[in-house]
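Start at 1 and go down the list; that is how both ligands and their atoms are numbered.
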Amino acid sequence: MAQPQPGDWPLARAEVETLQGYSAPLEGRRGLLRLDFNENTVGPSPKVVEAIRAIPAEHYAIYPEYDGLKEAFGRSLGGLRADQIGLFNGADGAIHAICQAYGSRGEVMLTTSPTFGYYAPCARMQGMVINAIPHEGDALAFPLQTMRRALSQLNPKLLLLCNPNNPTGTRIPPEHILELAAAAPSTLVVVDELYEAFTGDSVLPLLQASDGADPFASYRNLVVLRSLSKTAGIAGLRIGIAAGSEPVVDRISRVTGPYDINSFGVCAAFAALEDQAHVDAYVTEVLAAKAWLVEQLLKAGIRHQGDGGNYLLIWPRSGAGPTEAALREEGILVRSMAGKALIDGALRVSIGTGEQMQRFWQAYRRCDGID
Ligand SMILES: Cc1ncc(COP(=O)(O)O)c(C=O)c1O
């Protein structure tokens, strides 16, 4: 049968016809040690599981209800108002909505390189032009000076900053982000704080006024992204939020569907927010496991990188592709950074528990031919 040719079906918008989508694995990961997508590697609080089990079947039949969830997130973020919180289908949903609400053809999205891979397709599907400023030097530092210049010269519609940055682990002092936001009031500055729990670097505490005044009053162009995927252990239930000034959150929320967050996600989110101790204990365990792995890498003389986040870049001597494949044979998934600017040749390895990292390290030594 002849292959269908363009024109045999209704063409999508030009930006979509030429779009290279974000590639994420959508199958074949269960049963393996998943160190490839920076998820929580053990699962959520038992209270989350209990809460989901307690949902009566009749509730499956009705559309989700959201009362109180924005308030609960607001409290967990140090006292933000409900109208300063937008609920999304994961932070991915928020990134998509931000680009849809704010990005027009020909406008600039400014960001860094390399960074989280979903920003670019979301900007491109709007016809935006992406200007990605490379991280600097061997340490892959945040390019502050170049960013300052680009911000004043390009007048971008969006500035996307990931702190700490995925995949380089680069930390940006929150004061620098506020300085950039103050210098460009017509740019929407999006701070992706998905991995904030592993560094404590956030712009939010710097905004919080002691007199109860609106924390976004001086930064109406600032939006902060958080999610329950990376630490709370409910990536599969897709809960993310955007926190910002009320008019901005309103505009971003306008482009989503009325029921984009499902009832299971809502129920799990309430329970997860109520068990911060579970999250804190997991973060502590991951940070200890990361320090242990860094020690092993230093002793073995293996190049690695990654200050912040529950992940590390590791440059295997046998090459990223072969080592990734060999680890898969051992039942361990990691992510090759092949083709990514500045970090081609690296693997990104998510950090889990101490036990999981010991298993990883034993397998890695075999796969990369260490002693
Ligand atoms: C930096 C960053 N932002 C956003 C996301 C999306 O997270 P979510 O699961 O909340 O959609 C990820 C997931 O890998 C990420 O690494």
- Task: Quick one: look up the protein heavy atom nearest atom 14 (O) of ligand 1 and list residue, atom name and how far away it is.
- Result: K230 NZ, 2.7 Å
Quick one: side chains of residues 119-135, donor-acceptor pairs under 3.5 Å with protein atoms, not counting sequence neighbours, listed by atom name and distance.
residue : atom : partner : partner atom : Å
Y119    : OH   : D192    : OD2          : 2.7
Q126    : NE2  : G103    : O            : 3.2
H135    : ND1  : S113    : O            : 3.0

- Message: Can you confirm whether more than 12 heavy atoms, excluding those of D138, are under 6.0 Å from its CG atom?
- Response: no
- Task: Ignoring hydrogens and angles, state whether a donor on the side chain of N38 or S350 is under 3.5 Å from an acceptor on the partner side chain.
- Result: yes
- Task: Check each of F37, Y118, F116 against atom 5 (C) of ligand 1 and report the one with the nearest heavy atom.
- Result: F116
- Message: Quick one about T41 and Q356 (side-chain donor to acceptor, distance below 3.5 Å, no hydrogens or angles considered), yes or no?
- Response: yes
- Item | R171/D307 ion pair, N-O < 4.0 Å | no
- Give a yes-or-no answer on whether the side chains of N166 and R348 include a donor-acceptor pair shorter than 3.5 Å. yes
- Protein residue, atom and distance nearest to atom 16 (O) of ligand 1, heavy-atom basis: Y195 OH, 2.6 Å
- Which protein heavy atom lies closest to atom 6 (C) of ligand 1, and at what distance to 0.1 Å? D92 OD1, 3.1 Å
- Message: Can a side-chain donor-acceptor contact be found between Q145 and R148 if the only test is distance below 3.5 angstrom?
- Response: yes
- Query: So between P164, G240, A91, whose heavy atom ends up nearest atom 10 (O) of ligand 1?
  - Reply: A91
- Message: I'd like to check which ligand 1 atoms, numbered from 1 as shown, lie under 4.0 Å from a non-hydrogen atom of C162.
- Response: 1 (C)
- Pick whichever of D192, I95, I241 has a heavy atom sitting closest to atom 3 (N) of ligand 1. D192
- Residue R238 vicinity, atoms of ligand 1 by number, heavy atom under 4.0 Å: 8 (P), 9 (O), 11 (O)
- Judging by distance only, is a nitrogen or oxygen of N38 under 3.5 angstrom from one on ligand 1? no
- Task: Identify, for atom 7 (O) of ligand 1, the protein heavy atom at the shortest distance, and state residue, atom and that distance.
- Result: L194 CD1, 3.6 Å
- Taking both backbone and side-chain atoms of Y119, is any N or O found less than 3.5 Å from an N or O belonging to ligand 1? no
- Query: Hey, which atoms in ligand 1 end up nearer than 4.0 Å to a heavy atom of G90?
  - Reply: 10 (O), 11 (O)
- Task: Determine, using the 4.5 Å side-chain heavy-atom cutoff (strictly less than), whether I351 and F198 are members of one ILVMFWY cluster.
- Result: yes
- Task: Please write down residue, atom name and distance for the protein heavy atom closest to atom 9 (O) of ligand 1.
- Result: S229 OG, 2.6 Å
- Item | Short side-chain donor-acceptor distance under 3.5 Å, S202 and R226 | yes
